[in-house]
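Side-chain atoms are counted along with the backbone in the values below, which use heavy atoms only and exclude waters and symmetry mates. A note on names: the letters A, B, ... follow the listed sequences, proteins ahead of strands, and every chain is numbered from 1.
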There are 2 protein chains.
Amino acid sequence: MNGRPPAEQTLELSAFVPFRLNRLATGVSQYLAAIYQARFGLDIPQWRVMATVGEVACTAQYIAASTRMHKTRVSRAIVELEARDLIERASNERDRRERQVRLTKAGRRLYTELVPLALERERALLACLAPQQLHGFLEGLDVLERFLGLDAQP
Amino acid sequence: MNGRPPAEQTLELSAFVPFRLNRLATGVSQYLAAIYQARFGLDIPQWRVMATVGEVACTAQYIAASTRMHKTRVSRAIVELEARDLIERASNERDRRERQVRLTKAGRRLYTELVPLALERERALLACLAPQQLHGFLEGLDVLERFLGLDAQP
DNA sequence: CCCTGAAGGTTGCGCGCGCAACTATTTGTG
DNA sequence: CACAAATAGTTGCGCGCGCAACCTTCAGGG
């Protein structure tokens with residue numbers, strides 16, 4: 001034993017992976033915002049609902065599980081999109097609690113215009129990675145998602 | 001040319017990297033929350049301020065730039081931490097607009113207790129990746145951060 | 001020197017979010 | 001069949017966030 005105080009561990013935030021992931025996610029969101037926000041007047045919840053419903057008509061419940069958004073956030077996004085006539089809801093006579101959400105004609109038009117832009121924007125972002133780097137990054141992403149149970153399908 | 005309608009591109013959200021990053025960042029935050037939130041009563045802004053000030057005494061401006069948080073978010077976190085006697089502020093006589101923020105004795109104790117737990121939690125998370133996978137993932141993270149200009153130092 | 005503009009920080013305000021509570025409907029069970 | 005529990009979805013509420021405006025102090029020209 002000696003008189004020195006115990007060496008104190010320090011945490012450099014800019015090297016702390018959880019912080020870096022938060023910062024990256026925010027940065028990427030801003031990188032994309034110009035497309036769905038400025039150009040189409042959608043916020044993130046609305047855009048996620050559009051993207052989900054564009055694949056297949058489904059219930060609000062399914063959207064919430066699939067996007068991992070809180071059901072109230074989904075509910076409000078749906079109300080707003082319906083007011084803009086981008087989506088519509090059909091009652092299910094078999095279970096009158098739920099309603100099928102699907103794109104309207106105008107919603108389909110917006111979706112068809114928006115999706116290629118979003119995919120192109122994603123491509124432009126990932127183009128900063130060499131093919132080998134991209135592969136490694138996505139592999140890590142896969143494993144982390146599985147570890148945290150984020151990949152579980154609804 | 002033929003009579004078929006143009007094949008419509010669809011966007012599966014669960015394969016869209018920007019969405020996956022947001023979801024992962026949220027998941028990791030929750031994974032860490034138990035430590036700084038439940039156990040030490042800190043929210044994310046407070047925890048980031050503590051982590052920054054624990055490395056070196058600095059101004060609110062520096063904290064904001066370093067953590068990429070809005071200055072009002074930093075300001076409010078500082079007020080709360082000061083009320084809990086975890087940090088203190090010393091006026092700078094050379095420039096009386098700014099104040100140096102540093103840990104109090106109690107703040108230093110909390111920091112010394114918290115940091116090893118946070119680092120251990122990070123280690124536990126990243127342990128789901130094989131060494132080669134971890135390396136690849138971090139390399140991709142580096143490149144993306146540089147591409148988006150998130151690495152710029154204040 | 002003043003006076004204009006900039007910089008460090010704080011505060012008023014509106015908005016979006018999640019929690020909890022609620023309605024309406026369906027399912028399960030004795 | 002009735003009643004309890006579960007499920008789909010909506011809404012009231014409080015809180016945290018960012019924007020813009022503000023206060024204070026400093027720097028730099030005329």
message: On DNA chain C, does the nearest nucleotide to A/Pro45 precede the nearest nucleotide to B/Glu98 from the 5' side, or the other way round? Give the residue.
response: B/Glu98

- line: side chain to side chain contact (heavy atoms under 4.5 Å, CB included) test vs A/Leu103 passes for just one of A/Arg109, A/Glu88, A/Arg108, namely A/Arg108

query: Atom CD of B/Glu93 to atom P of D/dT24: distance rounded to whole Å?
result: 17 Å

- request: Can you tell me the distance, in whole Å, between the CD atom of A/Gln46 and the C1' atom of C/dC15?
  value: 13 Å

- prompt: Are the side chain of A/Ser91 and the backbone N or O of A/Arg99 linked by a donor-acceptor pair below 3.5 Å?
  reply: no

message: Below 4.0 angstrom, which residues in residues 70-82 of chain A have at least one non-hydrogen atom near DNA chain C?
response: A/His70, A/Thr72, A/Arg73, A/Arg76

- request: Quickly work out the B/Gln37 CD to C/dC19 C1' distance and round it to whole Å.
  value: 14 Å

message: Let's go through B/Arg20 and A/Asp142 carefully: what are the C-alpha distance in whole Å and the side-chain angles of both, what is the deciding distance for salt bridge (charged side-chain N to carboxylate O under 4.0 Å, His left out) to 0.1 Å, and is it a yes or a no?
response: CA-CA 9 Å; B/Arg20 292 175 68 187; A/Asp142 280 340; 2.7 Å; yes

task: Please check if B/Leu24 and A/Tyr31 belong to a single hydrophobic cluster, counting links between Ile, Leu, Val, Met, Phe, Trp and Tyr side chain heavy atoms closer than 4.5 Å.
output: yes

- request: Would you please classify the geometry between the B/Trp47 ring and the B/Tyr36 ring as parallel, tilted or perpendicular, with 30° and 60° separating the classes?
  value: parallel

query: Within the modelled atom types, does a donor on one side and an acceptor on the other bring the side chain of B/Arg97 and the base of C/dA7 under 3.5 Å apart?
result: yes

task: Take the protein atom CZ of B/Arg68 and the nucleotide atom P of D/dG18, then report the distance between them rounded to whole Å.
output: 14 Å

- line: Rounded to the nearest 0.5 Å, the CD atom of B/Glu98 sits from the CG atom of B/Asn92 at a distance of 5.0 Å

task: Find the distance B/Ile63:CD1 to C/dG8:P and express it as a whole number of Å.
output: 13 Å

field: Spacing of B/Arg96 atom CZ relative to C/dG9 atom C1', expressed in whole Å
entry: 15 Å

- request: Write down the distance between CZ (A/Arg89) and P (D/dG9), rounded to a whole number of angstrom.
  value: 9 Å

query: For the pair made of CZ in A/Arg99 and C1' in D/dT7, what is the distance, rounded to whole Å?
result: 16 Å

field: Side chain of A/Gln61 (C-beta onward), nearest among C/dT10, D/dA8, C/dA6
entry: D/dA8

- request: With the side chain of B/Asp95 defined as its heavy atoms from C-beta on, choose the nearest nucleotide among C/dA24, D/dT25, C/dG9.
  value: D/dT25

Stepwise side-chain hydrogen bond (donor to acceptor under 3.5 Å, both in side chains) check, A/Glu80 with A/Gln46: CA-CA 8 Å; A/Glu80 292 152 11; A/Gln46 290 169 350; 2.6 Å; yes

